[in-house]
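Worksheet: one structure, shown below.
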Amino acid sequence: MERKYPNLCKPIRIGNVWYRNRMFSTPMGGTDIELDGCIGPKSQAFYEYRAKGGCAAVTISELMVHPSDGSHAYRLDESILNSLPKATYAADAIRRHGAIPSAELSHSGMFAGTYMTDKNKQHGLNQWSADDGVRADGVPYKAMSKEMIAEIVAAYGHVAGLCKRAGFEMLMVHGGHGWLINQFLSPMFNHRTDEYGGSTENRCRLAIEILKSVRAAVGPGFPIEFRLSGAEFVPEGYDLDEGIKIAKILEPYVDLLHVTAGTYQRTFGITHPSMFEEHGRNVYLAAEIKKHVSIPVATIGGLSDPAQMEEIIASGKADIVEMGRQLLADPFLPQKVMENRDDEIVHCMRCFVCMSERAATGTRRCAINPIIGREDEGMEITPAPVKKRVLVVGGGPGGLYAAYTAARRGHDVLLCEKEDRVGGILKSEEVLPFKQEMFMLGETYKRLAEKAGAKIVTGQEVTKEFAEAYHADAIIIAAGSSPLRPPIPGLDGENVILVNDQYKHEKPITDSVVVFGGGISGVECAIHMGMEGKTVHLVEMRDDVALDSVIRQRPLLLEKLNKLVTVHTGYKGLEVTAEGIWCQTKEGEKVLVPGTTIICALGQRPRWNVAQELYDCAPWVRVIGDANAVGTITKATYQGHHAALDI
């Protein structure tokens with residue numbers, strides 16, 4: 001067959017291992033790490049899912065090599081009962097689908113316990129690094145002695161040998177993102193005066209000793225991938241020129257150079273490119289380093305478009321593209337690319353739900369893939385024992401995903417959307433340049449549902465009469481929510497635009513804007529207005545803003561907001577006029593927040609009236625998403641998927 005993306009689909013040999021394409025699944029931490037560090041069944045399924053999706057390699061993360069790192073992470077230690085067997089089962093689960101199983105070897109250094117939900121316990125751990133110091137959060141860390149360094153170097157080799165015995169056919173050594181090896185590589189952390197500090201060569205010494213230890217354990221021809229931050233993007237760290245120098249020094253000891261960026265602690269939104277960054281914003285680092293080395297180079301950084309990835313490989317910027325969050329949104333992207341089905345790819349929104357859920361609950365979720373984190377509960381959609389007539393009311397993300405799942409189960413599915421196009425509240429994201437993936441999600445879900453066999457009709461409101469005449473066996477009510485518009489004088493004026501209606505372009509927006517409401521939709525709207533060069537004020541009655549944003553996204557939103565917008569918290573809106581909003585401060589003072597366009601972003605309320613009207617129109621009825629309780633896309637898609645599974 002003629003492949004649409006021939007370079008992306010081309011096999012590659014690294015060491016003595018053959019890889020089926022150029023798309024790798026980058027390390028992502030598991031979900032049910034057991035108390036002793038064993039890989040749990042949910043984690044095994046978590047990695048297997050991406051192997052089934054067609055990746056050439058899937059890397060398990062992070063495998064801590066030494067007890068001096070007290071992180072609650074994977075351990076591979078023959079003294080731990082079932083440690084080696086569970087690692088073996090995980091490698092088997094990846095390999096049986098044609099992907100190469102790899103494990104990331106790491107040590108957190110001064111940042112042990114970063115992912116722990118119990119921060120008190122985290123702060124009680126011993127923290128080790130290149131030298132003595134105190135972290136930004138007040139936690140002290142100690143310099144590793146030469147004896148301890150030698151012990152850790154030996155531990156890397158020992159664990160590498162166990163990985164090979166367990167069936168892993170490749171290993172990644174993590175030398176980036178601010179973890180231990182990076183702490184030695186970087187002048188930001190390393191101020192030693194012995195042979196492990198000072199010059200670039202000395203700062204590379206630990207990495208070289210570790211790589212030699214790993215090579216001695218796994219033997220020749222066994223692929224070793226080294227993860228290197230190409231640059232650190234802070235004045236105290238190293239730049240790309242230094243990154244090139246480090247790459248050249250380490251080149252003789254590795255088979256694949258994985259070029260990432262920055263540090264987890266200082267440049268989170270660059271290391272894991274946020275929605276405010278360009279897709280592939282770190283590719284130039286790999287492209288430049290590749291000019292100076294002769295071994296294969298992998299790149300990473302917000303990649304989701306196969307056309308962009310094809311160009312990266314074809315132009316020689318990198319030999320391999322690695323994806324993380326994108327392969328949660330759609331684990332089957334590689335297989336879809338191989339089969340020329342790229343129009344079916346569900347694109348990552350870079351919303352950080354996945355990483356935030358791990359920080360908050362120790363589990364994984366994806367806002368737009370309800371299977372993530374629950375893979376062991378079923379990765380395959382099984383046919384329903386009895387085909388039923390299913391009516392889905394509403395074409396937002398929850399309704400569309402419900403229709404998609406129900407159709408795949410073999411049901412006769414009709415989805416009705418009262419507006420002229422699907423997407424629900426997603427349509428409001430059309431005007432935000434940094435949220436285009438979220439806007440496009442509605443059309444993607446629609447395409448998938450229709451290909452699965454669902455019939456989708458727009459411009460059709462479902463009334464009680466319609467539903468009764470349809471004689472459905474099951475109704476899924478996904479009618480969404482409506483905007484809150486409190487009885488504040490002037491809020492219905494000509495200069496007021498509902499945040500949900502911006503995409504309709506029914507009213508002009510002036511260069512002086514007040515966004516009324518500091519939830520996530522108001523904050524994102526204010527940021528967008530600021531990016532357009534407008535003078536923007538944001539009014540919020542509570543003491544803080546974006547409180548409904550996820551933990552990994554919120555700091556990035558606030559950083560952007562504070563650069564572009566004047567924020568007024570503790571302000572109660574009293575009246576909207578042509579000149580702005582009269583507000584009352586917490587001290588009782590009446591002030592005018594100036595602006596000639598007011599954007600109302602005061603929240604949503606469920607459309608319970610729809611549920612009440614339709615609840616007796618079928619034997620089986622389920623109310624999901626915002627129609628039940630105003631929530632998130634994550635909840636809507638999850639509830640829609642599981643409602644369809646229950647029919």
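Just so we're clear, the structure is a prediction, and the values are computed from it rather than from any experiment.
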Discussion item. Does Lys336 have more than 12 heavy atoms from other residues, nucleotides or ligands lying within 6.0 Å of its NZ?
Written reply: yes
Worksheet item: Does Ala261 offer a backbone N or O that forms a donor-acceptor pair with the side chain of Thr271 under 3.5 Å?
Response: yes
Worksheet item: Between Met170 and Tyr19, is any pair of side-chain heavy atoms under 4.5 Å apart?
Response: yes
Discussion item. Strictly distance-based, threshold 3.5 Å: is any side-chain N or O of Gln553 a donor or acceptor partner for the main-chain N or O of Val353?
Written reply: no
Worksheet item: Under 4.5 Å between any side-chain heavy atoms of Met188 and Thr263, yes or no?
Response: yes
Practice prompt. With the side chain counted from C-beta on, respond yes when Arg365 and Ile372 share a heavy-atom pair under 4.5 Å apart, and no when they do not.
Written response: no
Worksheet item: Is the backbone N or O of Gly30 less than 3.5 Å from a side-chain atom of Tyr47, with the two atoms forming a donor-acceptor pair by type?
Response: yes
Worksheet item: Tell me the ring pair (Phe, Tyr, Trp, His ring centres under 6.0 Å) pairs involving residues 337-372, sequence neighbours left out?
Response: Phe268-Phe352
Item to complete: State whether a side-chain donor-acceptor pair under 3.5 Å links Glu225 with Ser102.
Response: no
Worksheet item: So is Arg281 actually on top of Phe233's ring, under 6.0 Å and inside 45° of the axis?
Response: yes
Worksheet item: Say you draw a straight line from CG of Asp77 to CG of Asp36; how long is it, rounded to the nearest 0.5 Å?
Response: 9.5 Å
Fill in: Minimum side-chain heavy-atom gap Thr267-Ser229 below 4.5 Å
no
Item to complete: Flag the pair Phe111 / Gln183 as yes when at least one side-chain heavy-atom distance between them is below 4.5 Å, and no otherwise.
Response: yes
Worksheet item: Nearest 0.5 Å, what's the CD-CG distance between Glu311 and Asp305?
Response: 10.5 Å
Discussion item. What I want to check is whether the side chains of Gln335 and Glu339 have a donor and an acceptor closer together than 3.5 Å.
Written reply: yes
Worksheet item: Donor-acceptor pair, Asn369 side chain versus Asp330 backbone, under 3.5 Å?
Response: no
Worksheet entry | ring-ring contact (aromatic ring centres under 6.0 Å, His included) involving His107 - partner list, sequence neighbours excluded | none
Worksheet item: Does Gly198 offer a backbone N or O that forms a donor-acceptor pair with the side chain of Arg203 under 3.5 Å?
Response: yes
Worksheet item: Are the side chain of Arg215 and the backbone N or O of Phe222 linked by a donor-acceptor pair below 3.5 Å?
Response: yes
Practice prompt. Enumerate the residue pairs fulfilling salt bridge (Lys or Arg N to Asp or Glu O under 4.0 Å) with a member in residues 156-178, sequence neighbours excluded, ordered by first and then second residue.
Written response: Arg95-Glu169
Item to complete: Assess the side chains of Asn282 and Glu277: does a donor N or O sit below 3.5 Å from an acceptor N or O?
Response: no
Worksheet item: Are the side chain of Arg350 and the backbone of Ser274 linked by a donor-acceptor contact shorter than 3.5 Å?
Response: yes
Discussion item. Can you confirm whether His272 sits close enough to Tyr264 that some side-chain heavy atom of one is under 4.5 Å from a side-chain heavy atom of the other?
Written reply: yes
Worksheet item: Considering only heavy atoms from C-beta outward, does the side chain of Arg341 approach that of Phe332 to under 4.5 Å?
Response: no
Worksheet entry | Side chain to side chain, Glu437 and His279, heavy atoms closer than 4.5 Å | yes
Practice prompt. Report yes or no: is the cationic atom of Arg192 (NZ for Lys, CZ for Arg) under 6.0 Å from the centre of the six-membered ring of Phe189, at an angle within 45° of the ring normal?
Written response: no
Discussion item. Which residue in the set Glu377, Glu375, Glu34 passes salt bridge (Lys or Arg N to Asp or Glu O under 4.0 Å) when paired with Lys42?
Written reply: Glu377
